[in-house]
Amino acid sequence: MVHVQGPWSELLGRLSPSAIPNNPIITGAFLFSAVIGIVLLGYVTYAGKWGYLWREWLTTVDHKKIGVMYIIVGLVMLFRGFIDALMMRTQQMLADGPHSAGFLGAAHGYLIPYHFDQIYSAHGTIMILFAATPILVGIMNVVVPLQIGARDMAFPYLNALGLWLTVVGAALIMMSLFLGDFSHAGWVGMTPLTELAYSPGVGVDYWMWAIQIASVGTTLGAANLIATIIKMRAPGMTWGRLPIFTWTALSTNIIALTSFPVLGVSLALLGLDRYFGTHFFTAGMGGNLMLYSNLFWMWGHPEVYFVILPAFGMMSEIIPTFSEKALFGYITMVAASFAIAGVSWSVWLHHFFTMGASPAVNTFFSIATMVVGIPTGVKVFNWAFTIYRGRSRFDTPMMWAIGALFMLLLGGLTGMMLAMPPINYSVHNSVFVVAHFHTMLMVVIYGIMGGVSYWFPKVFGFKLDETLGKRFFWYFTAGTIMVFVPMYLSGFMGMTRRLDYLANPHLLPFEVLEEFGIGLYTVSVYYFVRQLYVSLRDRSENRVGANAWGTGRTLEWMTASPTPFYNFAVTPRVNARDELIWRKEQGFENTLPTQYEDILMPKNTAVPLLIGAFSLALGFGLVWRIWWMTDLSLLGVVLTVIARSFVRVTDYVVGASEVEQIERRSRTRGQSPRPDSRRGGMGVFRPSRSNT
Amino acid sequence: MVAKRLRLLARYITLIPGLFLAGCSSQGLSRQFVLFRPAGPLANVDFRFTILDVAVMLGIIVPTTIMTIVFLLRYRKTNTKAVYEPKWSHSNFIEFVVWTIPILTVAMLGYYSYQGTFAVDPYNPRLINHSVGGKKAPRPLDVDVITTDWQWLFIYPKQHIATANELVIPVGTPVHFHLTSATVVNDFYIPKLAGMIDIMPGMRTKQVLVADKVGLYQGYSANFSGGGFSWMGFKTKVVGQNTFQTWAKHIAKSPQTLNYAGFNAFAKPYKNVDGKTDQFSHVSAGLFDRVIKAVTMGKVYKTPLPTYGKA
Amino acid sequence: MGHGIENPLEHPEVRVVNGRGYLVSYAVSLLLMTLALGFVTQPALMPWALVGLSAAAAVAVLVQIILLFQLDFSETQVWTTVSFLLIVPLFIIAVGLTMWMFNALDARTMLAGMMMH
Amino acid sequence: MGVSATTASDSGKAGLWAQHHHHDAISTRTLGFWLYMLSDAMIFAGLFATYAVLSHHYNAAGGPTPHDFIHPLYAYGETLAVFTSVLAYGGAMVALRRGHKGGVLAGLGLAFLLGAVFIGMEVNEFSHLLSIGISPERSGYLSAFFALVMTHGIHMAFGLLWMATMFFQVAFQGFTDKVVYRMLNLKVFWHFQAVIWVLVFSFVYMRGVL
């Protein structure tokens, strides 16, 4: 165990009153969160919803609810990450040139360097790992079992565990805001800056354990999803008929399954350096600091494709639905997804092209990187030819999908530039790169927004408001252009990344433009929230039937919206790639099963939540070096897992007559829209009786 | 009401780029796009490949964009005159073409990438030798660069002098840099002269450049290195070859000297907010190697524990 | 969730267990590891030690994978085999490319390599 | 697949609903666990890559090199323990196939004991190394050595815990679905440790004394 700077006690570790930051901005953030928290908790208590919350959400193993919770966590963190972005843009606008004014104790702008550094590190960590990843995992959770005609995931209990581990990671990050500090060394955690000698506080520990714990959840989720896709398909759902989103979910989870463990290794070794004084990534004593970059990006680059492949999948679902036409080049689309996933494993060095590797090494990784452009290009062409000779309707999901397509073109252009070492050297650590990967992540965000609005009616039974959705889209797009086009340009002016003060005053006009852009984003956030509110308020007018968009093609549009907890009353037999279209053509669209049968469903369980609670204590104890707490919580996790393995019965039976009743009720609701205030949008989720 | 006001705002916003472009030309802001104005062979190659890459890629992306937009407009649902073939989802010819185009592009760009990567390899500076080969090639100048938290030290080992936070090099002369860091990773970057190269503690990287024109160039550390990172710029003065000799002689008389102990004092964490520069004479021989060796043997220049919520 | 087979012991994955496979795997891998030991302790074998070690390890791993995990393309095991075959290249890429890139880097940047330039 | 997607169907009216459709729980479970083991393999890929990078002489930072402290014969003894333990677990699996509870318990017990012998040998080895000042903080090389070998050791220890649990479940719950797939998964886990040990033994221990 290494010696740390500052006080340490047996009982509280490094924790002391001085760990509470004394800073007006943080105090404001704390008050804001506290008020929201109190209002939420107060509402739940006032409405007497604790029991409902416990039974229906906290202990659930239903893949749809777990997916929804993943998405909610992701959206909350997306908002937090957005606030970080707002603060960064404002700081860079204010701290321009030596004559810029300073506020709140900062020499320039309103943030001192150390605080600014934490904000950009938090922004990156949150956006990649706690916003994009959970939302995508959530969407895959909701959609994949429905698309393949399964009742649930292969391992519902494990699914809940994955969710709660992700929540623990997010909770640790939020905690770092109000207790101690966060890492200042970027979301990638550059060594040896993250070593104890250069980051003596608890910030890096927060960053490290938050990611570590959440990534365990993601790895488990990946194994679960792959097993689900391989083993849980409905009869007749051959590989050649698998919906394209499920294909991308499969390829993306192969990436997650294989790459997240390497992230675990890199963080664990960094942890050993910080806690035990080993020399993996130190500059001296035989360590190798570039080894960290190597291990980190061995995960980090596949992670990029982990987030982008599902977005491609969603685009490939949305574009055919709203073009009212089959997807062009199904087989090449599948091949392209797997080509991207495969090549993603041999391109990681381009994240540190400038470390001075030999030109042979750099050339190899450069060409491997460019090769990714081939399947990606094919996908773009295939989407275009899906639109060709179709009948395009511009509903909100389609707008997002098309937006994503154009973002991909721009991102592809700049990506091909960065793949070439001589160009890369001149912009490697500049804001040009920042603009590039934000363009690519915009593909993901556009895909997510499209996917959420596309499948929202499936899960909740009503559509999101179209007018507000489009307004959200346009403001968001204007914001994207306004922020990132100037950022590309400032890259050409030699502006490097991660600056809390800009020495070059000529950058000011660009910074002002970007600030305008972030203002547009803020407006778009307003419309997003308003869209949710209005849609929820007017839900009875926006009720939809099973086939919410009228032109759905795949299995999920055959079961009621909102989907009953057992998904399909009787497992459908699949006859075609676009099963619903096939049934329409054959005149079977409204053919119902002749008889219902008993269904075996997994019981709810509080065990994943309990393991999550222990993991939170474990993470907290590790961050503050409270050893009794880490020992006890680790023991708690192990004993809980063992105890759970002795539980014999984890399923229960839903009787055939009950299934029939639920089916009849959902049919009448789907056909005749009428106010149903008691059950609301969420009433779809029938209370499951038994808890374990 | 709000929406109306916002629509008004949006209309104003569309005007801004126009105003901004006007501002650009009048203030000479276009000169600030330093990557488009290379002043040395290395930056020149980087720029040339940028143009090449963008041209090739635009050759594909522009037609694709136009094609997609045309498809979207022509095959919109409201256009009842357009052909509608809901089942058409495969064509061997189209699939062949859509795979061939990206493959050929990548093959071409891959070849250029290979060429360019070897061209700018600082360990085998054919480019540099070639670009000064025609004239009477001056003897290369060696500069050892050490970064600390958060300053630059430029040592001229042959001249036994050193400067801090200011680099002076002669025009038209190949300059060989050896770079290392005493603390964390930095990145050596002079946009108009040379691309980035990492500066890593305990390791030594190399960079080579020639400046074609006399002038003042801004240098940066491009890799985040902690609290003083934003102030870690350095001025690069490219001077005539004679001026350089005079300057070096002048610095050799400067009262401050530098040995390893002096370096350790210099390397204490310091945010160079005022842009101070230092000059040192009688710099110990082998100081650069000594710093690397000390770091590999475990020497660290610790960062003090911050107060939470403060710097 | 139920399954088609009443008695779990009748499940094909239980039936596939093979006592002879265990014995063969045990004997072969132990023999190979003994050989590996010989390569590094017997001066006569030392010149081929690295090749010998790698070959012994590769064969031992292969034998264990096939006999202990019973990997084959039967209906029971096909996905196990396919997923395993997908992971092997990634394992090799991860270790191999890392070794290659750091050998190149060390030669240029580490003190040991500095003599070259 | 030249035909358009929507008409590609078998026999037209093969039926729309699959009554009494069930999934095979055991093979779903074993596949899921196998996938998890593959991700575990990538942990070892990361560690082997680390070991490979950090095993140059300058990574020893003037401290001990593997030559100085690895005893090939002792490591061979550890190999013997691991392999025999795996064989014993194989015996338990053969007994499971025959539904022979006593055989399963005996096999599990023996595998546990031999696994414990391995752990004991490793603990003994490391405590000896630490007592003569060969510790992970000494150099990058030693950090990598300890991390790799101990990660395998921790896996082994975890396997022992699992075996103990299974011993009770087999004894008191008999061969239920759950117990059977856990036995199958533990088989994969335990055999996997043997495979990793082959790599550790060859490329860390034997390669080290060269």
Side-chain angles (χ1 to χ4, degrees), chain A residues 5-6 19 21-23 26 112-114 180-181 192-193 197-198 200-201 283-285 325-326 328-329 332 354-356 359 362-363 366-367 370 374 377-378 381 384 387-393 409 413 416-417 420-423 425-426 428-429 492-494 496 498-501 503 506 509, chain B residues 20 32-35 45-46 49-50 53 57 61 65 67-68 71-72 75-77 83-86 88-89 95 98-99 102-103 106 109-110 113-114 116-118 120-121 184 187 191 195-198 201-202 205 220 222-224 227 230 233 295-298 300 302-303 305-306 308-309 311:
Chain A
Q5 291 184 48
N22 171 24
N23 179 310
I26 293 173
I112 50 171
Y114 189 63
D181 54 12
L193 188 58
Y198 303 107
M285 304 303 285
K325 179 167 168 287
F328 183 84
T332 46
T354 56
M355 78 166 173
N362 277 3
T363 306
S366 158
I367 293 174
M370 290 178 170
I374 299 173
V378 169
F381 285 123
I387 297 164
Y388 178 70
R389 295 193 171 171
R391 282 199 303 225
S392 296
R393 277 177 14 240
L409 285 171
L413 167 70
M416 277 306 220
M417 291 166 71
M420 204 183 256
I423 306 175
Y425 295 157
S426 61
H428 184 85
N429 270 323
F492 288 127
M493 291 170 65
T496 53
R498 298 172 170 137
L499 293 170
D500 58 87
Y501 159 71
H506 294 288
Chain B
F20 168 74
Q32 295 296 322
F33 287 95
V34 286
L35 291 186
V45 168
D46 293 349
F49 277 97
T50 308
D53 189 309
M57 284 307 291
I61 281 177
T65 311
M67 184 178 84
T68 312
F71 285 177
L72 279 170
Y75 299 102
R76 66 188 186 276
K77 185 154 191 177
V83 189
Y84 176 51
E85 281 187 67
W88 182 78
S89 65
E95 302 234 5
V98 300
W99 279 92
I103 287 174
V106 165
L109 290 179
S113 173
Y114 154 78
T117 312
F118 279 83
V120 297
D121 175 24
V184 299
D187 210 334
M196 301 174 194
I197 182 84
D198 284 359
T205 45
Y220 303 98
N223 198 73
F224 180 73
S230 300
V295 170
T296 56
M297 292 320 286
V300 286
K302 281 188 181 167
T303 307
L305 188 68
Y308 297 121

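Numbers restart at 1 for each chain; the letters A, B, ... are given by sequence-line order, proteins then strands. Predicted model only: the values in this text are computed from it and were never measured. Side-chain atoms are counted along with the backbone in the values below, which use heavy atoms only and exclude waters and symmetry mates.
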Minimum heavy-atom distance [X]-[Y], with the two atoms named:
| X | Y | result |
| --- | --- | --- |
| B/Phe71 | A/Ala384 | CD1-O, 3.1 Å |
| B/Gly227 | A/Asp500 | O-OD2, 4.5 Å |
| B/Val34 | A/Gly494 | CG2-N, 3.8 Å |

Decide yes or no for [X] and [Y]: does some side-chain heavy atom of the first lie under 4.5 Å from some side-chain heavy atom of the second?
| X | Y | value |
| --- | --- | --- |
| A/Pro113 | B/Ser230 | no |
| A/Val378 | B/Glu95 | no |
| A/Ser426 | B/Pro191 | no |

Output the option from [options] having the highest count of non-hydrogen pairs under 4.5 Å with chain A.
| options | result |
| --- | --- |
| B/Trp99, B/Tyr114, B/Phe118, B/Tyr84 | B/Tyr84 |
| B/Ser113, B/Gly233, B/Gly298 | B/Ser113 |
| B/Ala222, B/Gly195, B/Gly116 | B/Ala222 |
| B/Met67, B/Met196, B/Met57 | B/Met196 |

Is it the backbone or the side chain of [X] that comes under 4.5 Å from a heavy atom of chain A, or both, or neither?
| X | value |
| --- | --- |
| B/Asp46 | both |
| B/Met297 | backbone |
| B/Asn223 | both |
| B/Thr205 | side chain |

Rounded to the nearest 0.5 Å, what separates atom [atom1] in [X] from atom [atom2] in [Y]?
| X | Y | atom1 | atom2 | answer |
| --- | --- | --- | --- | --- |
| B/Phe49 | A/Ile423 | CZ | CD1 | 8.5 Å |
| B/Asp121 | A/Asn362 | CG | CG | 9.0 Å |
| A/Leu409 | B/Thr65 | CG | OG1 | 4.5 Å |
| B/Arg76 | A/Ile387 | CZ | CD1 | 14.0 Å |
| A/Leu413 | B/Asp53 | CG | CG | 7.5 Å |
| B/Thr117 | A/Tyr425 | OG1 | OH | 5.5 Å |

Name the member of [options] that forms the most heavy-atom pairs with chain B at distances under 4.5 Å.
| options | value |
| --- | --- |
| A/Met285, A/His428, A/Met493, A/Arg389 | A/Arg389 |
| A/Ala503, A/Gly377, A/Ala19 | A/Ala19 |
| A/Gly390, A/Gly6, A/Gly329 | A/Gly390 |
| A/Ala197, A/Gly201, A/Gly356 | A/Ala197 |
| A/Leu499, A/Thr496, A/Ile374 | A/Ile374 |

Could you look at A/Thr354 and say if it's the side chain, the backbone, both or neither that has a heavy atom under 4.5 Å from chain B?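 When you check distances to chain B, atoms from both the backbone and side chain of A/Thr354 fall under 4.5 Å.
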Looking only at atom types and distance, does a side-chain atom of A/Lys325 sit under 3.5 Å from a main-chain N or O of B/Glu85, one as donor and one as acceptor?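 Checking the backbone N and O of B/Glu85 against the side chain of A/Lys325, no donor-acceptor pair under 3.5 Å is found.
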Any side-chain to backbone donor/acceptor pair from A/Gln5 onto B/Leu305? Under 3.5 Å, distance only.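 Yes, A/Gln5 side chain to B/Leu305 backbone: donor-acceptor pair under 3.5 Å.
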Hey, can you tell me if B/Tyr75 and A/Tyr388 have their rings parallel, tilted or perpendicular (30° and 60° cut-offs)?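 B/Tyr75 and A/Tyr388: perpendicular rings.
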